[in-house]
Amino acid sequence: MLDTLLLSRIQFAANISFHILFPTITIALAWFLVYFKIRYDQTQHPVWLRAYRFWVKIFALTFALGVVSGITMSFQFGTNWPGFMEKVGNIAGPLLGYEVLTAFFMEATFLGVMLFGMKRVSARVHTLSTVIVAIGTSLSAFWILSLNSWMQTPSGFEVRDGVVFPTDWFLVIFNPSFPYRLSHTLLASGLTAAFLIAGVSSYRLLKGDDKKAPQLTLKVSLTVAALLAPLQMFVGDLHGLNTFEHQPQKVAAMEGVWETEKGAPLLLFAIPNEQTKSNNFEIAIPNMASIILTHDKNGEIKGLNEFPDATPPVKPVFFGFRIMVGMGMLMIVVALYFRFTLWRNNTLAPWQLKTLIAMTFSGWIATLSGWYVTEIGRQPYLVSGVLRIEEAVTQVASDNVLISLIAYLTVYVLLLIAYVRTLFYTADKSVEVEEYQKPSIEENVYA
């Protein structure tokens with residue numbers, strides 16, 4: 001029989017995994033919409049408006065699923081993890097409240113104008129509404145990541161009678177890992193949205209859609225991906241150095257380092273063995289891990305055995321990190337090469353379009369694997385050094401948790417299938433229905 005702790009962890013992981021898929025798209029997709037709308041206002045070229053109208057439908061669908069899954073996820077603070085709010089509610093509560101009062105209200109208020117007000121308000125007001133919604137999505141990420149980062153690297157607080165109280169809200173919000181985590185996540189959202197747009201645009205082109213809108217959105221999305229992918233690698237390195245400073249046990253799990261050593265190798269592949277506290281089948285580059293993390297080939301990296309009471313599960317962190325990095329490297333290669341091809345030939349070969357279709361949701365893979373590294377690497381703590389997971393879990397019977405877990409998983413699988421099918425159904429209808437109008441100005445406005 002599975003115990004309540006394990007089931008509650010699985011349930012929260014399932015909820016957050018499903019929820020994060022949608023904000024990861026909407027945060028950046030909103031800014032794509034801002035760009036499309038401003039370009040239409042500037043040029044009055046109908047291709048920009050067609051791009052906006054198509055992708056605002058996808059934004060609305062994605063935003064709705066993000067809101068619904070976010071609400072169900074928040075229930076678990078009371079049902080599965082009551083000890084979390086009892087211990088750190090004085091910090092978590094206000095930060096979540098700020099997110100609702102600022103970001104969510106801003107999004108909800110102006111989303112209606114953005115979706116239905118194009119013919120009811122002036123162009124300037126409609127564009128402003130789109131900008132405000134985009135600001136709201138980014139502000140939402142700000143507050144949520146501030147709380148998550150505080151859970152990773154808590155600061156600006158004191159503990160009185162077993163309860164956490166804030167002493168400096170500036171240090172709470174702008175905790176040591178927050179700038180790196182926020183930057184890394186926003187860039188991940190940009191890449192997720194860019195590859196989603198590129199994949200759906202390629203799908204439309206491969207279906208025979210010869211209109212200008214999918215050609216335009218393909219160019220824009222690949223340009224953004226080509227710019228953001230290398231930048232993400234740089235920011236990811238900075239984030240890794242910050243993690244090495246504040247959460248060395250997480251880095252040790254990421255790198256598969258068991259014993260503290262100088263000149264640690266970079267493991268391209270290995271199978272961590274938590275029973276023997278060693279790795280099997282290692283493929284390594286000598287000294288490279290120390291060079292990356294300390295900028296010294298003889299730099300010291302603390303091993304997992306230095307943290308006997310705070311060792312995270314090694315395998316999911318180790319492999320999750322490599323999946324994230326591998327997908328990131330693939331994104332860099334595809335974005336740069338395909339954008340260069342598009343610049344040179346003004347078109348992509350069928351195999352390239354098929355590759356982009358296959359990578360439509362590649363951002364989800366990278367985001368989820370990175371999220372697992374972040375969250376599992378913090379174990380056995382919910383709040384690093386402050387609250388352990390077994391101290392926060394509910395006392396509800398495991399059978400009850402299992403029933404709710406099965407219900408959540410069933411609904412989430414059905415919703416995810418429906419989302420993907422609706423996405424491509426919308427693309428199919430656009431190919432069949434959308435009518436192309438001859439541009440009224442020079443073709444180079446969308447080049």
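- Applying the ring pair (Phe, Tyr, Trp, His ring centres under 6.0 Å) rule to pairs touching residues 180-221 yields H184-H239, Y203-F424, sequence neighbours excluded.
- Proximity of V67 to F22: side-chain heavy atoms (C-beta onward) are nowhere separated by under 4.5 Å.
- If you look at Y408 and F12, their ring centroids are not closer than 6.0 Å.
- A donor atom on one side chain and an acceptor atom on the other are not found under 3.5 Å apart for Q152 and S384.
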message = side chain to side chain contact (heavy atoms under 4.5 Å, CB included) for V133 and F59? Distances and angles first, verdict last.
response = CA-CA 11 Å; V133 169; F59 178 87; 3.7 Å; yes
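- Contact record, P176 with T153: CD-O, 3.5 Å, taken as the closest heavy-atom pair.
- The ring pair (Phe, Tyr, Trp, His ring centres under 6.0 Å) pairs that include a residue from residues 209-237 number zero, where partners must be two or more places apart or lie in different chains.
- Among all heavy-atom pairs drawn from F84 and A92, the shortest one is CE2-CB, 3.8 Å.
- Here the side chains of P154 and N175 are not in contact, with every heavy-atom distance at 4.5 Å or above.
- Judged as a ring pair (Phe, Tyr, Trp, His ring centres under 6.0 Å), the pairs with a partner in residues 333-357 (not counting sequence neighbours) are, in order, F338-W351, F340-W343.
- The side chain to side chain donor-acceptor pair (under 3.5 Å) check on R181 picks up S149, S177, with sequence neighbours excluded.
- Between W48 and the options W55, Y35, F54, a ring-ring contact (aromatic ring centres under 6.0 Å, His included) holds for only Y35.
- Side chains of S404 and Q11: a donor on one and an acceptor on the other come within 3.5 Å.
- Using a 3.5 Å distance cut-off with no hydrogens or angles, the side chains of N148 and E375 do pair a donor with an acceptor.
- Shortest non-hydrogen contact noted between L191 and A225 is CD2-O, 3.8 Å.
- Atom-to-atom distance recorded for F63:CZ and E107:CD is 4.5 Å, nearest 0.5 angstrom.
- Between E255 atom CD and R322 atom CZ the span is 5.5 Å, to the nearest 0.5 Å.
- With sequence neighbours excluded, the residues forming a ring pair (Phe, Tyr, Trp, His ring centres under 6.0 Å) with F361 are W364, listed by chain and number.
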task = Step by step, work out the side chain to side chain contact (heavy atoms under 4.5 Å, CB included) result for F319 and S369.
result = CA-CA 8 Å; F319 288 115; S369 57; over 6 Å; no
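- With sequence neighbours excluded, no residue forms a ring pair (Phe, Tyr, Trp, His ring centres under 6.0 Å) with W371.
- You'll find the side chain of M118 reaches within 4.5 Å of the side chain of R53, heavy atoms only.
- In this structure, L266 and I292 have side chains that are in contact, with non-hydrogen atoms separated by less than 4.5 Å.
- Note that CG of D428 is 10.0 Å distant from CZ of R204, once rounded to the nearest 0.5 Å.
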key: Worked verdict on Y52 versus T130 for side-chain hydrogen bond (donor to acceptor under 3.5 Å, both in side chains)   = CA-CA 11 Å; Y52 180 90; T130 306; 2.9 Å; yes
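- In this structure, a donor-acceptor pair under 3.5 Å is present between the side chains of S201 and T217.
- Checked against I25 for a side chain to side chain contact (heavy atoms under 4.5 Å, CB included), the options L61, T137, L196 give a single hit: L196.
- Classification of the Y412-F18 ring pair by plane angle, with boundaries at 30° and 60°, yields parallel.
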